[in-house]
Amino acid sequence: MSFSVTLPDGSKKDFDKAVSVKELASSIATSLGKAAIGAKVNGVMKPLDYVVDEDVEAAIITDKDEEGLDILRATAAFLLEAVAKRKYPELRLGMHEADEGGFFVDTDKEDQIKITELPELEKEMQKAIKNGEKIEYTSMKKSELEDIFKDDQFKLDLLKDEKDEVAVYKLGDFVDFGFDALLPNTGKIKNFKLLSVAGAYWLGKSSNPMLQRIFGTAFFKKAALDEDLKRRAEIKERDHRTIGRDLDLFFVDPKVGAGLPYWMPKGATIRRVVERYIVDKEVADGYEHVYTPVLMNVDAYKTSGHWAHYRDDMFPPMDMGDGEMLELRPMNCPSHIQIYKHHIRSYRELPIRIAELGMMHRYEKSGALSGLQRVREMTLNDGHTFVALDQIREEFAKVLKLIMDVYKDFDITDYYFRLSYRDPKNTDKYYANDEMWERSQSMLKAAMDDLGLDYVEAEGEAAFYGPKLDIQTKTALGNDETMSTIQLDFMLPERFGLTYVGQDGEEHRPVMIHRGIVGTMERFIAYLTEIYKGAFPTWLAPVQAEIIPVNEEAHGKYADKVRAELAKRGFRAEVDHRNEKLGYKIRESQTQKVPYTLVLGDEEMNANGVNVRRYGTEEQISKSLDDFIAEIDADVKSYSREK
């Protein structure tokens, strides 16, 4: 026997007998042999006991490598399975996974594991870790495993895809498969935490049973675990789903439709303020706002190319029984094209700017849905401009300026520009016209260069019909997300036969610019909720002032008078008439993150004044009602920006 192992630096190690990964690491350096926890062999993670006996490419993995964390977390998942099975012998086990976010294990029993049981499972894991129990890597016949898991239908389902000889890991009497690489014993899993539980459909299909998914994480160093837990606490504190529930902004009830948000009065108020703001901004910028139906003949989407390129994300067409097939629209572009086509257009009219808060529907799987961020029904702040060739750069700059103005008003500062091109190595999913792609991509790049803006370039991120500028923001949770987009489109005007009469009296083809300023209302308000932690600036807050009479009988009518004065000037104010203690009402106003709390007693009533407390402060200032109205008016008009 003779074979070579090619290392990452291109060097080779020759062997005349089979070696384990640990032996391979030791042959490179004694210190590496001690530090090794696994290896990547021909691109696949393998444990220290894995035997190499043929030519391969291999990279040794230590706890300093990113893949080392994957091995640690996979081992923690395996240990969780083992102790859970010991504690609950009737437990059935499903999928398990470890990645940069941590690990999870799917479990199932009649009385599902609750979050209150996680500390006890952690204790059992700690016992095994303290004992440094051996984890054995070996193989077993598929038939043997089928016998072991005869009462676990989920494992039997997973075994169907395995070969006759299956790589397995053992911890005492416990055995499982489907792990690439695990640590050789439990002793290294010192810093871990079981985080939460959640329902998860088996294999991600809503028609399958729902299992209980246990989430956890693990690190080699305690400081790293502490930092991660701190980050997760911040994420939880900012999660728009939690804030939306606590502030009564919206809810989603799977019983009446998963991915279909119901906007409560306060959430609807925030959305209405945003919608009115954006419509006014666009109208002032030369856009004509329209309303178009959410249903359209499916033939329009066949013409546009959505049917060919986007069909999996569209709801099935509705057969009207007379040959007409209607489709819930996944995009607004074909609708705005109909607005353009309704009249003969002249070059004198261009650019023609059409905008709409257009409702759309996407066929999202249940497992992908999340609060307001991933929904099945959404309203897009959409717009399409029809321009002549020589107007592209000027219009592009105009749209970008509008986006920047909006960002300023919402205090959005953490973003960058990304030019998104088609993937030249995989052109099947894009409109087939190389000349069009080269032309539009170079024009978009030139427009950005003219503006002197920094940008990154990303192949494979374009829309199927053309390249685009994406403005990527960082969410409060640290995720990269497309907030705004400007797309250049030569394809749809061609497919729909759009024309305008030029100065020469001949028909010419316009170019279409697609643009979204703040994306969908759902995702944008989720973003704002997390950025502000629910403490919306005064101009956006659903309740701008909470009015609290010190004594209902003595001061209740004056409180109503103050509310009426504020409402008359367009401010959103409420009076707390509940029979509760004053301190409780003030705390409740702070908990609801109302920008201004006004406490009214004898002194305020006699002076026609108010006692003002701003959210997040302990300071209380007495002032006249007129002075307060001037203060809140200036606050709203400045979009609550600091002076």
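All values below were derived from every heavy atom in this structure, side-chain atoms included, with hydrogens, water molecules and symmetry-related copies excluded. Values in this document were obtained by computation on a predicted structure and should not be read as measured data.
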Using a strict threshold of under 4.0 Å (side-chain N to carboxylate O), is an ion pair present between [Y] and [X]?
X    : Y    : answer
E552 : R578 : no
K222 : D226 : yes
R353 : D285 : no
D111 : K114 : yes
E619 : R614 : no
E546 : R587 : no
K557 : D560 : no

Check the surroundings of atom [atom1] in [X]: do more than 12 heavy atoms from other residues, nucleotides or ligands lie under 6.0 Å from it?
X    : atom1 : value
E288 : CD    : no
D253 : CG    : yes
M95  : CE    : no
K623 : NZ    : yes
F251 : CZ    : yes

Using 30° and 60° as the class boundaries, would you call the ring planes of H514 and H384 parallel, tilted or perpendicular?
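Plane angle over 60°, so perpendicular.
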
Taking only residues two or more places apart in sequence, or in another chain, which ones meet N608 in a side chain to side chain contact (heavy atoms under 4.5 Å, CB included)?
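Per chain and number, N608 pairs via side chain to side chain contact (heavy atoms under 4.5 Å, CB included) with Y558, K561, L625.
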
Any side-chain donor-acceptor pair under 3.5 Å between [X] and [Y]?
X    : Y    : result
T482 : D470 : no
R272 : T269 : yes
E356 : T292 : yes
D627 : S624 : yes
E282 : N381 : yes
D576 : Y584 : no
R515 : T385 : no

Does [Y] have [X] sitting over its ring (NZ/CZ under 6.0 Å from centre, angle to axis within 45°)?
X    : Y    : result
R376 : Y363 : no
R213 : F104 : yes
K109 : Y88  : yes

What are the two closest heavy atoms between [X] and [Y], and how far apart are they?
X    : Y    : value
A559 : I547 : CB-CG2, 3.7 Å
L79  : M125 : CD2-O, 3.8 Å
S622 : E604 : OG-OE2, 3.7 Å
Y277 : V406 : OH-CA, 3.4 Å
I517 : I278 : CG2-CD1, 3.9 Å

Is the distance from the ring center of [X] to that of [Y] below 6.0 Å?
X    : Y    : result
Y407 : Y415 : yes
Y527 : Y532 : no
F192 : F219 : no
W539 : F571 : no

Out of the candidates K230, K533, R232, only one should pair with E237 under the salt bridge (charged side-chain N to carboxylate O under 4.0 Å, His left out) rule; please name it.
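One option only clears the test, and that one is K533.
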
Report the residues that fulfil salt bridge (charged side-chain N to carboxylate O under 4.0 Å, His left out) with E275, sequence neighbours left out, ordered by chain and then residue number.
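Applying salt bridge (charged side-chain N to carboxylate O under 4.0 Å, His left out) to E275 gives R271.
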
